[in-house]
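So the structure is just underneath, and the comments pick up after that.
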Amino acid sequence: VITGTNERSHLNAARRRLDLATTSAAPVDLLVVGGGITGGGVALDAAARGLSVALVEREDLASGTSRWSSKFAHGGLRYISKGQLSVAWESAVERNVLLTTVAPHLVRPLPVVLPMLSSYPPGSRVVSRGVLGIADVLRAASRSPASLPATSWIDAAAARRLAPTVDARTTGAYVHVDGMLEDDARLVVAVARTAAALGARIITHCRALEVTGHGVRVRDEMTGEEHDLAARAVVVAAGVWSGGLVPDVPLQPSRGAHLVVRASAFEYPRAAFNVMLPGTLSRFVFACPRPDGTVLVGLTDDAVDQITDVPEVTEADEAWLLEMVSSGLTRPITSADVIGRYAGLRPLLSAGDAKAGGTAADISRRHALLQRDGIIVIVGGKLTTYRRMAEDAVDAVCRRLGRGDACRTRSMPLVGAPGPDSSDLPDRLQRRFGAEAAAVADCGGGHGLEPVAPGVPALRCELEWALRVEGALTVADVLERRLRLDMVDDWRSAARPAVEAAVAERAGG
Ligand SMILES: Cc1cc2nc3c(=O)[nH]c(=O)nc-3n(C[C@H](O)[C@H](O)[C@H](O)COP(=O)(O)OP(=O)(O)OC[C@H]3O[C@@H](n4cnc5c(N)ncnc54)[C@H](O)[C@@H]3O)c2cc1C
């Protein structure tokens, strides 16, 4: 079991240099391309089975889709309404594994209110009850913990206590409980560090240029040098970018946009809530309170042909989300309430019906394990099911190598699990670092518990921790992926000078 501040889990610039040099010198059992949740999960699973592993990531851990999620560890309600019960089951099982064993410090129960408005079409309440009823069966069958109770019905007054601005036409609401991630990027970093503690080499800012079944040609993006890394097996887990490295990856990416809104605009909701999309019986936009005093509003779902490195929220996305969420509120939300926005590309598997004119919402959320010219490719799926995806991929690696133990990750807590030892520490540190919170607090010297900049929720000690322990190398790594100040425009700009100074000092020293 890995707890506390196991030094073998520490990632930093010196370790990265050594790991790249060692991997250039002799073959590893497994080379993983991609440092999102899927690649991180594969590296962890393989290292836990006793294989030698190196992971290369062209930019930073969680610099792709894995940081642009809605941050739900969810039980798959949406799949139920589309009849994909096996996907929903896998989600429900993996949500439990995260919540109880693997990352209880980063995943917590989240009440979700589904208000029923008198203006909703006839049948909507029956459909909602049916979907939630199936979710309850999966919940019970997957032995969900007591913190995820069965669906209940509350009256309109109780619904407004949880979500004060829901529409006055609310006749009552269903309440179910799902899983919420503190931060998707933080989950990726925890997975990668746990892999590192078991000996995996995590090499960020190292781009795969060419991939074969026996190795990868890479460019060190910090120096410009190229290296040939040899391996007995190669797994590509490059998400929507996998098709740029390997032929015939059947993906149809779909853009999902979110808005970050001041919690005051929703009168500080205590639960997430859904608003049904007009003309549908089971599609919603959601508003979800976040622990940092914001509310996340999502989500669009539009198939795209262009794969950009950093997808953008368009004016049309923003207008649509504001209109849809406001259609279920007493007080509309406007652009003036929006303090941040982000979009991501879902790595959805193409389905026949997409070509026949289906929408992105019809395309499968399943994951796929492909073999291409001796390369193993793992794509699709979602954050919640990363562990299961990794298990499938490493099973295939072990078959190829003819060795490797059985999967161990189901009962393996990540660094920081199960949670903080002391409640005297700032709430933010407890929520984000779990059992490591005290070590993080000690890391920043005399001013460690002061904010990085006025009005910014991140603390100075987090900045130091990111550089010393969490493998952050650049200003963007710290700002966007470790402190997560990319969520709100003002936070990012206010904190930038302090982060630039710390990164420059470290590079100089
Ligand atoms: C809008 C949106 C909302 C979502 N919400 C949820 C949710 O609430 N819950 C949930 O469970 N799932 C959610 N998902 C799904 C989930 O986010 C993704 O399935 C998951 O993050 C994909 O992870 P990945 O590691 O496969 O891909 P990525 O995170 O994209 O990782 C791929 C990595 O490969 C790297 N890479 C690419 N090319 C190269 C190269 N040549 N060399 C080296 N590295 C390379 C990239 O930089 C990237 O870091 C959501 C997705 C979207 C888009």
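Counting starts at 1 for both ligands and their atoms, following the listed order. Here the structure is a predicted model, which means the values were calculated and not measured.
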Under 4.0 Å from ligand 1, counting heavy atoms only: the protein residues, by chain and number: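 V33, G34, G35, G36, I37, T38, V56, E57, R58, S63, G64, T65, S66, W68, S69, S70, K71, F72, H74, C206, R207, A208, A237, A238, G239, W241, L245, G256, H258, L299, G344, L345, R346, P347, G381, K382, L383, T384.
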
Tell me the closest heavy-atom pair linking M412 and V102, and the distance in Å.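 Here M412 and V102 meet closest at O-CG2, 3.8 Å.
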
Can you give me the closest heavy-atom contact between A185 and R67, atom names plus distance?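 A185 and R67 have their closest heavy atoms at CB-CB, 4.2 Å.
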
For the pair D477 (side chain) and L473 (backbone), establish whether a donor and an acceptor sit closer than 3.5 Å, ignoring hydrogens and angles.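 Yes, the answer is positive, given that a donor and an acceptor are paired below the 3.5 Å cut-off.
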
Tell me, do M180 and R290 make a side-chain contact under 4.5 Å, heavy atoms counted?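 Yes, their side chains come closer than 4.5 Å.
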
Does A21 have any side-chain contact (heavy atoms from CB on, under 4.5 Å) partners at least two apart in sequence or in another chain, and if so, which?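 Once residues adjacent in sequence are excluded, A21 has no partner under the side-chain contact (heavy atoms from CB on, under 4.5 Å) criterion.
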
For D392 and H367, does a side-chain donor sit closer than 3.5 Å to a side-chain acceptor?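 Result is yes, a qualifying pair exists.
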
